[in-house]
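In what follows, a single structure is set out as structure tokens and then discussed.
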Amino acid sequence: MIKRLIPFAKKYKKAFILAFLCVVGETVFELVIPVLMANIIDIGVAQKDQHYIIMQGVLMAVCALIALVLGILYSRYAAVAGQGVGFEIRKTEFEKVQNFSFSNTDHFSTSSLITRLTSDVTIIQNAICNGFRPLVRAPFMFSMALFLSIKMNAKLALIFIVVAPILGIGLFFIVKTVGPLFRFMQSNVDEVNTVVQENLIAIRTVKAYVKSDYENEKFEKINQELRTHSEKAFRYSALNMPLFQYMMYTTIVCILFFGSQMIFAGEMKVGQLTGFLSYVLQILNALMMISNVFLMLTRSLASCKRIVDVLDEVNNLHDPIDPIIEMNQGEIEFKNISFKYKESAQENVLSNINLHIEPGSTVGILGGTGSAKTSLVQLIDRLYDVSEGEILIDGHNVKDYSLEYLRDQVGMVLQKNTLFSGTVKENLLWGNKEASDGEIKWACKQACVDEFIENFPEGYGTYLKQGGVNVSGGQKQRLCIARALLKNPKILILDDSTSAVDTATDASIQESFNERIPDTTKIIISQRISSVQNASRIIVLNDGVIDGFDTHENLLETNEIYRTIYETQMKGKEEK
């Protein structure tokens, strides 16, 4: 799992190497200090050599100062490496998500992707910044201190043979228990983000229905689950410290007992015992650092797996080797199309679709809720790929086009209109960043944006909040239509994009399309017959199957579904 993230560290190889050298150097100078301390006691004090004591003291101070400087340098290089790796992971992960097809995005919830891009990456960063030092320092310190302690007194060092296995077994059980809990924690963070995101997006609906108490209860429930798993995980993690403290004090007591016996027997000097105790503390400290690193790695591995799941998600949409980048007419043909969102699904969403849409024509799509109207048009610019059959544009399979070029030539106003934080003009320039002020005004006129844009205090410079919450639903729809028109597409798809617009404005938009963009193939999905009745032909969808494809007049005579919808809507108008 960790190997999968190693490529992100290559760019910061120099910082990792310098951090490694700083840790090794710091450890070496710290390990020299107990030797100097033992010499002061056994030689300087024993021989009452004040000069020797001062010189050894100065050496100890120099070693401590060098170790301090190396520690500071390590912090600098580790920060560069850790933050750099986090930057590269987050960048690559975000770019991967940007290239996802809709079917890839369906595998992850929005809140989960946010957590994987933020919280999980931060955990990896912290593991590098805070874990690299003990990961390098602890094994080196342990081996060096153990070697020097054995060299100083091999008999007394045998105590470690008893202590080490006990510590190892305790650590194994702690890590084994804590690992799954950290994975649950991150899943709970996903769920908390989901609840918060839904609540903030729909805050007006929550207040309108006076559901604040219900939302509070829902949040409290999932927040409590996160708290429970977090407390449990950190409770088991906390066992690490008392276990090591217990073993450390037990070891020290044993060493003092057996060491004092050796001193009385003349087998050991007082200075040696003091130095030996220093090495023992360093060994135990190294073991504690190793255990903390294991716990940190256990948590980071859970986050690492979640990040790798995104990076390894196989994108099912690819550009052909020699892509087509030319579309002249906008003629569309569906040949024996069937589609389902998941391969494992038993039933198709669309079945046996055969259609031919003439270039420059206007085609309406009508059908009940769940009849797969949106699914049909999303196949044209490969937001999803067909399960069977093929879609041709100007005689070429859509899979033969460059994805970027195809989507640039297909202007699509989705059912869920989205505006971004920024000015009106900045949002419109999404359609064409090179568009002139004249082109912007032209597009806005066709979408009837000019009816309200002049009433805004700053006109096209008016700032829109995230999601366009400071404009009405109808205004948002018209701005999205204008944005699509600025692409000057060969195919324009409106997916129920005038539902919040009054019928008079809707009719004005349709009339403008026919007069101003006659060469553009237009596909209009609507629940209202008045929005599509003037189309060249109208598709009637029923449960993913084409039930009719004809003009308004012919469908009234021959298609029962269309006639029923028409009569229902006309009756509703009469009653009003």
Side-chain angles (χ1 to χ4, degrees), residues 1-16 19-20 77-136 175-198 222 225-226 229-230 232-234 236-237 292-318 342:
M1 193 70 65
I2 294 178
K3 287 182 180 179
R4 187 68 179 77
L5 300 183
I6 289 177
F8 298 107
K10 288 184 177 179
K11 189 174 179 180
Y12 303 93
K13 183 178 179 180
K14 181 180 177 181
F16 275 108
F20 174 82
Y77 294 125
V80 171
Q83 298 303 317
V85 170
F87 168 81
E88 296 296 333
I89 293 174
R90 196 178 291 113
K91 174 186 172 185
T92 305
E93 196 175 1
F94 186 78
E95 289 175 350
K96 179 77 174 185
V97 172
Q98 291 300 302
N99 291 322
F100 275 176
S101 67
F102 277 21
S103 58
N104 292 126
T105 308
D106 291 342
H107 295 165
F108 306 94
S109 67
T110 302
S111 58
S112 178
L113 286 174
I114 292 172
T115 306
R116 292 167 200 251
L117 276 161
T118 53
S119 175
D120 286 318
V121 176
T122 300
I123 288 170
I124 299 295
Q125 286 178 315
N126 291 338
I128 294 173
C129 293
N130 301 326
F132 187 74
R133 184 173 185 269
L135 186 65
V136 175
V175 170
K176 185 179 179 182
T177 305
V178 166
L181 293 175
F182 281 136
R183 287 192 287 274
F184 284 130
M185 274 177 57
Q186 291 306 106
S187 296
N188 289 143
V189 172
D190 286 349
E191 292 171 359
V192 167
N193 284 342
T194 298
V195 173
V196 172
Q197 184 183 27
E198 286 180 349
I222 190 62
E225 287 182 16
L226 173 59
H229 283 124
S230 299
K232 196 172 182 181
F234 290 113
Y236 281 111
S237 298
N292 288 332
V293 167
F294 269 111
L295 291 174
M296 193 181 298
L297 286 176
T298 301
R299 186 175 187 186
S300 62
L301 279 173
S303 294
C304 182
K305 183 181 184 306
R306 288 161 53 82
I307 292 171
V308 170
D309 285 343
V310 175
L311 297 178
D312 286 347
E313 175 73 14
V314 178
N315 195 331
N316 53 10
L317 297 182
H318 302 282
K342 294 182 179 179

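Counting from 1, the numbers follow the sequence of the chain as shown.
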**Item:** Whether Thr118 side chain and Ile114 backbone form a donor-acceptor pair below 3.5 Å
**Value:**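 Side chain of Thr118 to backbone of Ile114: a pair is present.
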**Prompt:** Is a side-chain donor or acceptor of Lys11 paired with a backbone partner of Gly84 at a separation under 3.5 angstrom?
**Reply:**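 Flag not set: sc Lys11 to bb Gly84 has no pair under 3.5 Å.
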Which heavy atom of [X] sits nearest to which heavy atom of [Y], and what is that distance?
X: Ala78; Y: Ala19; answer: N-CB, 4.2 Å
X: Ile128; Y: Gly82; answer: CG2-CA, 3.5 Å
X: Phe87; Y: Gln125; answer: N-NE2, 4.1 Å
X: Phe16; Y: Ala9; answer: CE1-CB, 3.6 Å
X: Gly86; Y: Val121; answer: O-CG1, 3.5 Å
X: Ser303; Y: Ile123; answer: OG-CD1, 3.3 Å

[atom1]-[atom2] distance between [X] and [Y], expressed to the nearest 0.5 angstrom:
X: Thr122; Y: Leu117; atom1: OG1; atom2: CG; value: 10.5 Å
X: Ile6; Y: Lys13; atom1: CD1; atom2: NZ; value: 12.0 Å
X: Lys10; Y: Glu88; atom1: NZ; atom2: CD; value: 13.0 Å
X: Gln83; Y: Arg90; atom1: CD; atom2: CZ; value: 8.0 Å
X: Asp312; Y: Ile307; atom1: CG; atom2: CD1; value: 11.5 Å
X: Phe94; Y: Leu113; atom1: CZ; atom2: CG; value: 10.5 Å

**Message:** Would you say NZ of Lys232 has more than 12 non-hydrogen atoms from neighbouring residues, nucleotides or ligands within 6.0 angstrom?
**Reply:**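 For Lys232, atom NZ is not crowded (no more than 12 foreign heavy atoms under 6.0 Å).
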**Request:** Assess whether atom CZ of Phe8 is packed by more than 12 heavy atoms of other residues, nucleotides or ligands within 6.0 Å.
**Result:**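 Atom CZ in Phe8 is crowded, with more than 12 foreign heavy atoms closer than 6.0 Å.
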**Request:** Could you point out which residue of Asp309, Ile89, Leu311 forms a side chain to side chain contact (heavy atoms under 4.5 Å, CB included) with Arg116?
**Result:**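 Single pass found, and it is Asp309.
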